[in-house]
Number of protein chains: 2
Amino acid sequence: MSQEAIREKRDAARAEDVVPPLDTIIGYKLRRAQLAVFQDFAESFARMKLRPAEFSALALIARQPGSKQSEIAEALGVKPANLVALMDGLEKRGLAERRKTDTDRRSYSLYLTAKGEKFVLSMASVWRDHENRMIERLGGEGESRRFIEMLEKVAG
Amino acid sequence: MSQEAIREKRDAARAEDVVPPLDTIIGYKLRRAQLAVFQDFAESFARMKLRPAEFSALALIARQPGSKQSEIAEALGVKPANLVALMDGLEKRGLAERRKTDTDRRSYSLYLTAKGEKFVLSMASVWRDHENRMIERLGGEGESRRFIEMLEKVAG
DNA sequence: TATTGTTATACTCTATAACTATA
DNA sequence: TATAGTTATAGAGTATAACAATA
């Protein structure tokens with residue numbers, strides 16, 4: 001074997017060498033972390049029969065009553081079409097309601113019902129426990145804030 | 001209105017006050033960040049027609065040839081049943097193959113084909129560019145490592 | 001009996017396109 | 001003509017249950 005051939009073989013990239021271990025990959029770790037946090041969320045809210053998107057929609061309406069469906073969809077990062085069933089469910093449970101506006105009769109303004117207001121209060125309490133567990137995992141409020149900053153950076 | 005009633009009203013928790021803004025919530029930011037990273041990943045690998053789970057499976061087989069399907073499923077965090085179609089696809093494309101073992105003829109050992117080896121080399125190069133973009137967003141290697149540590153903590 | 005991989009199936013999440021009623 | 005919401009539908013991703021071959 002020539003010197004050339006030896007060098008070629010020595011320098012040939014091997015698949016097993018150029019491929020990283022999965023747990024050094026940002027996207028992989030990010031997904032696993034997200035699944036773990038959502039798992040805790042799901043367990044926390046199983047009794048209340050509340051899913052992440054429903055939680056977020058209620059939280060948005062609570063903070064900004066009168067928001068339009070398209071605004072909620074935008075904030076949630078889903079298509080308006082996918083908010084229809086979600087809002088149908090919240091209305092059927094008597095937690096939120098659509099109201100026609102006088103200014104633009106194509107759109108709805110969204111509000112919590114009285115029942116929805118109460119629901120959101122207990123929802124917020126359950127959420128606090130969940131969030132505190134996640135903050136504890138991270139090592140406290142300070143670390144948690146730094147973590148959120150990093151998530152914002154990586155979200156681009 | 002009695003002093004009592006006034007105090008009650010003053011102290012009554014209002015939904016809009018106890019509910020946090022979405023962008024202070026760890027789970028919400030985590031999901032948005034994960035979607036953004038996967039978006040970049042999807043764009044990077046659109047030409048190669050490679051999805052995250054396929055990337056991960058190929059990477060695992062490249063690093064540990066002879067792995068069993070159940071082991072890959074475990075490492076990927078999916079059910080064995082859902083790995084069948086994925087492996088079918090990789091085999092049909094000629095990138096990986098199932099081989100029966102003598103020791104346990106129920107299971108398959110998984111290997112890259114020669115074509116798969118080459119594919120993984122170019123896949124690794126595309127991945128490097130993607131990963132470097134994410135590291136740059138985070139502010140460098142050091143920050144990236146700290147970020148991964150935090151993701152591990154929050155994954156529990 | 002228990003395990004590996006498979007098939008069939010269902011449920012959730014999300015996306016697109018076509019529709020309606022308003023603007 | 002454009003927009004807000006709706007309907008219908010399709011594609012991923014993931015889960016469970018029943019089955020065949022093998023241990």
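All values reported here derive from a predicted model rather than from experimental measurement.
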Subject >> Pairs where residues 105-123 of chain B contributes a residue and the test salt bridge (Lys or Arg N to Asp or Glu O under 4.0 Å) is met, not counting sequence neighbours >> reply: D104(B)-R106(B)

**OP:** Give every residue pair that meets the salt bridge (Lys or Arg N to Asp or Glu O under 4.0 Å) criterion with at least one member in residues 63-72 of chain A, sequence neighbours excluded.
**Re:** none

Distance-only donor-acceptor hits, side chain of residues 76-93 of chain A, under 3.5 Å, sequence neighbours excluded:
from: D88(A); atom 1: OD1; to: R98(A); atom 2: NH1; distance (Å): 2.9
from: D88(A); atom 1: OD1; to: R98(A); atom 2: NH2; distance (Å): 3.2
from: E91(A); atom 1: OE1; to: R98(A); atom 2: NH1; distance (Å): 2.8
from: E91(A); atom 1: OE2; to: R98(A); atom 2: N; distance (Å): 2.7
from: R93(A); atom 1: NH1; to: K49(A); atom 2: O; distance (Å): 2.9
from: R93(A); atom 1: NH2; to: M48(A); atom 2: O; distance (Å): 2.9
from: R93(A); atom 1: NH2; to: K49(A); atom 2: O; distance (Å): 3.3

Write down the distance between [atom1] ([X]) and [atom2] ([N]), rounded to a whole number of angstrom.
| X | N | atom1 | atom2 | result |
| --- | --- | --- | --- | --- |
| K79(A) | dT9(D) | NZ | C1' | 16 Å |
| I72(B) | dT4(C) | CD1 | C1' | 14 Å |
| K100(A) | dT20(C) | NZ | P | 15 Å |
| F38(A) | dG13(D) | CZ | P | 17 Å |
| R99(B) | dG5(C) | CZ | P | 15 Å |
| E91(B) | dT6(C) | CD | C1' | 13 Å |
| L35(B) | dT14(C) | CG | P | 8 Å |

Which pairs would a plain distance check flag for residues 17-35 of chain A, meaning a side-chain donor or acceptor within less than 3.5 Å of a matching protein atom at least two apart in sequence or in another chain?
from: D17(A); atom 1: OD2; to: R14(A); atom 2: NE; distance (Å): 2.8
from: D17(A); atom 1: OD2; to: R14(A); atom 2: NH2; distance (Å): 2.9
from: T24(A); atom 1: OG1; to: P21(A); atom 2: O; distance (Å): 2.8
from: Y28(A); atom 1: OH; to: R32(A); atom 2: NH1; distance (Å): 2.7
from: Y28(A); atom 1: OH; to: A75(B); atom 2: O; distance (Å): 2.8
from: K29(A); atom 1: NZ; to: E152(B); atom 2: OE2; distance (Å): 3.1
from: R32(A); atom 1: NH1; to: A75(B); atom 2: O; distance (Å): 3.1

Any protein N or O atoms within reach of nucleotides 1-7 of chain D? Criterion: under 3.5 Å, listing atom names and distances.
from: dT3(D); atom 1: O4'; to: R106(A); atom 2: NH1; distance (Å): 3.1
from: dT3(D); atom 1: O2; to: R106(A); atom 2: NH1; distance (Å): 2.7
from: dG5(D); atom 1: OP1; to: Q69(A); atom 2: N; distance (Å): 3.2
from: dG5(D); atom 1: OP1; to: Y108(A); atom 2: N; distance (Å): 3.2
from: dG5(D); atom 1: OP2; to: S70(A); atom 2: N; distance (Å): 2.7
from: dG5(D); atom 1: OP2; to: S70(A); atom 2: OG; distance (Å): 3.1
from: dT6(D); atom 1: OP1; to: R98(A); atom 2: NE; distance (Å): 3.2
from: dT6(D); atom 1: OP1; to: R98(A); atom 2: NH2; distance (Å): 3.3
from: dT6(D); atom 1: OP2; to: Q69(A); atom 2: OE1; distance (Å): 3.3
from: dT6(D); atom 1: OP2; to: Q69(A); atom 2: NE2; distance (Å): 2.8
from: dT6(D); atom 1: OP2; to: R98(A); atom 2: NH2; distance (Å): 3.3

Original post:
What residues form a ring-ring contact (aromatic ring centres under 6.0 Å, His included) with F45(A), not counting sequence neighbours?
Top reply: F41(A), F55(A)

Hey, what are the protein-to-nucleotides 10-13 of chain C N/O distances that come in under 3.5 Å?
from: dC13(C); atom 1: OP2; to: R51(A); atom 2: NH1; distance (Å): 3.1

Original post:
What ring pair (Phe, Tyr, Trp, His ring centres under 6.0 Å) pairs are there with at least one residue in residues 87-124 of chain A, not counting sequence neighbours?
Top reply: none

Original post:
Between E97(B) and R99(B), is the closest basic N to carboxylate O distance under 4.0 Å?
Top reply: yes

**OP:** For R137(B), enumerate each residue passing the side chain to side chain contact (heavy atoms under 4.5 Å, CB included) test, keeping only those at least two apart in sequence or located in another chain.
**Re:** A36(B), D40(B), M134(B)

